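One structure is given below, encoded as structure tokens.
If you're wondering where the values come from, they're calculated on a predicted model, not measured in any experiment. In what follows, every heavy atom counts, from backbone to side chain, and hydrogens, waters and symmetry copies are set aside.
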Amino acid sequence: MLLDEIRPWSTGGTNLNFLGVEDTDPAIVRTAYRPDDFARLTTLKAIYDPGNMFRVNFNIPPRTG
């Protein structure tokens, strides 16, 4: 398969535009962001949505601890 052939050149990241409904796991969503950006988003989520009410689709969980 083509994706298997080009895997050695993959960065491991993705683009949110290419994620589907089956890609809602936070670990998959995390690959669409740089680590510092994802950390900043989890901090914002902890401030504005600590109960994770908005968790459908591309969930970014609130930072804990």
Side-chain angles (χ1 to χ4, degrees):
M1 179 174 189
L2 177 63
L3 293 177
D4 293 329
E5 295 294 323
I6 63 174
R7 192 169 316 280
W9 295 278
S10 172
T11 64
T14 189
N15 186 306
L16 284 177
N17 292 335
F18 298 135
L19 294 178
V21 294
E22 69 279 356
D23 299 320
T24 58
D25 184 284
I28 295 173
V29 174
R30 178 185 296 248
T31 66
Y33 296 96
R34 292 188 310 231
D36 55 328
D37 291 338
F38 192 80
R40 189 176 75 245
L41 289 170
T42 60
T43 299
L44 289 170
K45 186 80 176 254
I47 295 168
Y48 295 105
D49 184 20
N52 204 21
M53 178 184 222
F54 300 103
R55 64 185 175 276
V56 180
N57 291 332
F58 306 126
N59 184 25
I60 296 174
R63 180 174 291 219
T64 59

Taking all non-hydrogen atoms of both residues into account, name the closest pair between [X] and [Y] and its distance.
X: K45; Y: I60; value: NZ-O, 2.9 Å
X: F38; Y: P61; value: CZ-CD, 4.3 Å
X: P62; Y: P50; value: CG-O, 3.6 Å
X: R7; Y: D4; value: NH2-OD1, 3.0 Å

So [Y] and [X], do their side chains get closer than 4.5 Å, heavy atoms only?
X: T24; Y: V29; value: no
X: T43; Y: R40; value: no
X: R30; Y: T42; value: no

[X] side, atom [atom1]; [Y] side, atom [atom2] - distance, nearest 0.5 Å:
X: F58; Y: L19; atom1: CZ; atom2: CG; answer: 5.0 Å
X: I28; Y: T14; atom1: CD1; atom2: OG1; answer: 9.0 Å
X: L16; Y: T31; atom1: CG; atom2: OG1; answer: 8.5 Å

Handout entry: Shared-cluster residues of F54, by chain and number - hydrophobic side chains joined below 4.5 Å
Key = M53
